[in-house]
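Since the structure is predicted, the reported quantities are computational estimates derived from the model, not experimental observations. Naming: A, B, ... by sequence-line order, numbering from 1 per chain.
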Amino acid sequence: MMDRLAFLISEGIRNIVRHKLTATTTVVSMVLNLAVLSVLFVIGVNSHQLIEYVRSKYKIEVFFLPDVRTDDLSRLKSEIDAIEGVRSTTIITSDDAKRIFKDQFGEDVELMLGYNPLPPSCVVNVVRDTKEPVYPEAIIRQIRALEGVDEISYQGRLITRIEKAYEQAVKIEVLIAAVILLITIVIMSGTIRLSAYARQELMKSLQLIGASRWFIKIPFMVESILLSITAGLLTYGLTMGALRWGNVLLSRYRFHINPDPMLLPALLLVSIFVGIVSAQRAVSKFLRT
Amino acid sequence: MMDRLAFLISEGIRNIVRHKLTATTTVVSMVLNLAVLSVLFVIGVNSHQLIEYVRSKYKIEVFFLPDVRTDDLSRLKSEIDAIEGVRSTTIITSDDAKRIFKDQFGEDVELMLGYNPLPPSCVVNVVRDTKEPVYPEAIIRQIRALEGVDEISYQGRLITRIEKAYEQAVKIEVLIAAVILLITIVIMSGTIRLSAYARQELMKSLQLIGASRWFIKIPFMVESILLSITAGLLTYGLTMGALRWGNVLLSRYRFHINPDPMLLPALLLVSIFVGIVSAQRAVSKFLRT
Amino acid sequence: MIEFQHVTYEFRRGGGIYDISFQIREGDFVFLIGPTGCGKTTLMRMIYMDLIPNKGVVEIDGYYSNKIKRRQIPKLRQNIGMIFQDYHLLDDRSVAQNVALPLHVMGHSKNNIAALVPEVLDQVGLKGKENHKPSELSGGEQQRVCIARALVKDPDIILADEPTGNLDPVTSFDLIALLDSINKDGVTIFMSTHDYNLIKGRDQRVIQMQKGRLLGE
Amino acid sequence: MIEFQHVTYEFRRGGGIYDISFQIREGDFVFLIGPTGCGKTTLMRMIYMDLIPNKGVVEIDGYYSNKIKRRQIPKLRQNIGMIFQDYHLLDDRSVAQNVALPLHVMGHSKNNIAALVPEVLDQVGLKGKENHKPSELSGGEQQRVCIARALVKDPDIILADEPTGNLDPVTSFDLIALLDSINKDGVTIFMSTHDYNLIKGRDQRVIQMQKGRLLGE
Ligand SMILES: Nc1ncnc2c1ncn2[C@@H]1O[C@H](COP(=O)(O)OP(=O)(O)OP(=O)(O)O)[C@@H](O)[C@H]1O
Ligand SMILES: Nc1ncnc2c1ncn2[C@@H]1O[C@H](COP(=O)(O)OP(=O)(O)OP(=O)(O)O)[C@@H](O)[C@H]1O
Ligand SMILES: [Mg+2]
Ligand SMILES: [Mg+2]
């Protein structure tokens, strides 16, 4: 039993050597298909980086009533921090505001007017690394309900528009990725089927000498899986190489593409899945007697 | 001679029927590859539409000296029209300007101030349907050199930035298209090669009974070309169908994707080219004795 | 035990075998003769159930052609050593690997296979050709690879479809002698041939066919 | 004219033919006999220049093996009717299409082909099998398709490599009679066989081989 299994697996490996041409063609075909997929994957993952950058520029400024005291401020801060969708907050006290004013305009407002007209305020940063669109209205509403809040300034319509556009873009990207995934699978399984077609006589002969369907299928599967893994690894190498090169080009723009740690597993998953399914289908087709 | 040619061509056609599986697999593989290409082609052609829209919003406003007379204006207009890169101009006389002011603010400036302070001006539209980037500086320089021109207002830095970005995008798109074209060709030729591999015994037998290389090659070429044309036509149909569907979806955004009249010829050219070259290579490989 | 009961099989394009009934008991050595195209190969294909009768029943070792399930057919074939008229060798591997194949199919151990294969290759006179591909052999050598592949699994039944077509008379007689000795060990042998010289002067049972029908014995 | 001058060809794995010299004149009918694996097929392959000698020269109808260009080989083969031991039939088309193939290769007209093919199929006894695929024929029938394909082009030389391996004695003798009558029309015939019965009692020239060498005539 162990010997038979070992034989079947070694058969799969030897089949690759025996049919070098089909093996090479299959791997090349798969690599090219997977490359398109993995580029799409990388773009998908990194488009998030873009929106995160934009989100980091979103600004909600909360101005408090002038009579809010310093210890009230820290309470307000922690209340705002607790609101869902808030990433961080920075409190600017009246004194801070005065100093900032002085830094920017060179004038001391308090000396000029005799009192400090600048109210304490707070800059609220929203979460940026969520897959969901960020809509600030809910946050605004909760902040407004807090005691001591005077006025809120934020770029509401702009944010909503950006988020809508991003949402749309993600949808289109998912659609394209799905279509390309489908195309990849069909082309890859066509390739494996053709390589099975070239060997149908051999399969027929095996069947005639009493080989069961499994006996014929397993080496073919092993072969297909090995080719798939090879293709997956090659594609990974290629993608990483292209990324490194792309990052050199992009460094001018201060933009850095990150490969996702899921890229390799995803590639292997897709390729092995396709390998198994199409080998299964191809062999079944030629064993139908 | 005629009979032999007729035979070779009919052989090519019958080979498709004889080897249905390889024919189907090849066509499916090709269609899917070409589909990706043609989507890219359509996007490329229509990205131009987008930049043209943006360009139609570029604005150069030329203000003339208040003492420029009406007949000087029409001379100035034709001089500006003659400048390379100018699509059209619209003269706004002092009176026009007054009327526009009145329409917008409800006040008659002339009545208010006792004279019309608004100078005659001219709105210059730049060409938009060029493949080259549009840089307004040269136009500005030439306008400034004209006698009677007082001041020019334009969105210089913005335009330059948009054009630079567009130029970059076109470059990236061309690069991606080239890579995908290459991938398509390699995958398609791999497919044809595998289908030749499945028939290497037949080719060997033909050779043994005295068939020349051409006798073996021509039917294979005919077959390959027919399959390519089929794939090209199917892809065209598919792309047009997808476009119609896409336009329905896009109609909300008042954006309309146009298929290029070159799409069909381009598809056929690519597929037939690939068909011929890879059939040629595949057959040569198996006839090497 | 091989038994045909009023077996008829007709190909879609016409031709085939009609109303065939006969029996071969365990340990028999039976010849099947008849002119080219009379249906010998077709009859043999029904024994290893590559073809299933249109009418009638074939029984092989307790398997009935009208009841057998598709996944039982490999089991049946594993007990039969088949020498195909058109060899059915796998050209993507060596002679030794071809001969080893049925043993792998039956799950023999590696050591067992390593011992059996050279022995049987020696028996059929293919020593020194172990590493050739089938396409690198002469016609007669290919035929002997096919014979070796049938013998190596030590089957209960040997079906030999014109196994001497590409062999010279000396080698042919050697093969018959080899089959004789195997038969002595209790193996049933059913062999088709059109080489009347080969069976002349032997007192074995001979089934004669003509145009798809049995002519008598 | 076929002439071998000290021809040696050795396969990479060893084996082959060594220092072969002989001559066959136009219109001769010569047999080549020898046990299985002695090199008959190898020798024949050198005549249609599928193999080129390592040493020595083969001359066929004015083509020399050491001078021939690759694109001349099809021309040479078109003048030779080859009956291959392993048939080399094209299984993706019918018997009639297989037989018509050499005529298409030689550029015969459609009408000519339509007239010649049924005639030659009738000659070899394959009437009624025109539309079968080769795989739908018995071994002997396939062999006869191969024979028909060689005869149909009315060649100057017929090379027959064990053309009776799958034929019964009656059909074999018919084939020899057919070849005899073709030979009467001036066609050179060179036929390998190991069926000594077939050539017994004929006064034709017989070349004998053994282990890759000529043994005498
Ligand atoms: N797949 C098929 N489809 C149609 N007809 C077939 C098929 N296989 C065989 N035949 C026909 O059935 C008849 C018997 O064929 P079979 O192969 O059994 O003959 P055979 O006795 O083995 O002959 P040979 O001695 O030449 O091998 C022949 O006339 C053949 O043409
Ligand atoms: N391609 C090859 N590579 C290596 N050895 C080969 C090759 N072809 C043939 N041989 C060897 O050359 C020898 C002669 O083979 P050949 O086919 O000429 O024999 P033959 O006389 O035709 O035999 P048969 O009567 O069995 O057909 C054999 O021992 C064979 O194993
Ligand atoms: Mg038979
Ligand atoms: Mg031979």
Worksheet item: Tell me, side chain or backbone of D:Glu141 under 4.5 Å from chain C's heavy atoms, or both, or neither?
Response: both

Worksheet item: Which of the residues D:Arg144, D:His132, D:Gln142 is involved in the greatest number of heavy-atom pairs with chain C at under 4.5 angstrom?
Response: D:His132

Fill in: Interface moiety of D:Thr171 toward chain C, non-hydrogen atoms closer than 4.5 Å
side chain

Response to the item:
Tightest non-hydrogen contact, residues C:Asp168 and D:Thr36, listed as OD2-N, 2.7 Å

Worksheet entry | D:Asn197 versus chain C, the contacting section by heavy-atom distance below 4.5 Å | side chain

Response to the item:
When every non-hydrogen atom of D:His194 is compared with those of C:Pro169, the smallest separation belongs to O-CD, 3.1 Å

Worksheet entry | C:Arg13 side chain to D:Lys133 backbone, donor-acceptor under 3.5 Å | no

Worksheet item: Of all of D:Cys38, D:Gly140, D:Gly165, which one pairs up most often with chain C through heavy atoms under 4.5 Å apart?
Response: D:Gly165

Item to complete: Would you mind checking which part of D:Ser138 comes under 4.5 Å of any heavy atom in chain C, side chain (CB onward), backbone (N, CA, C, O), both or neither?
Response: side chain

Fill in: Interface moiety of D:Asn166 toward chain C, non-hydrogen atoms closer than 4.5 Å
both

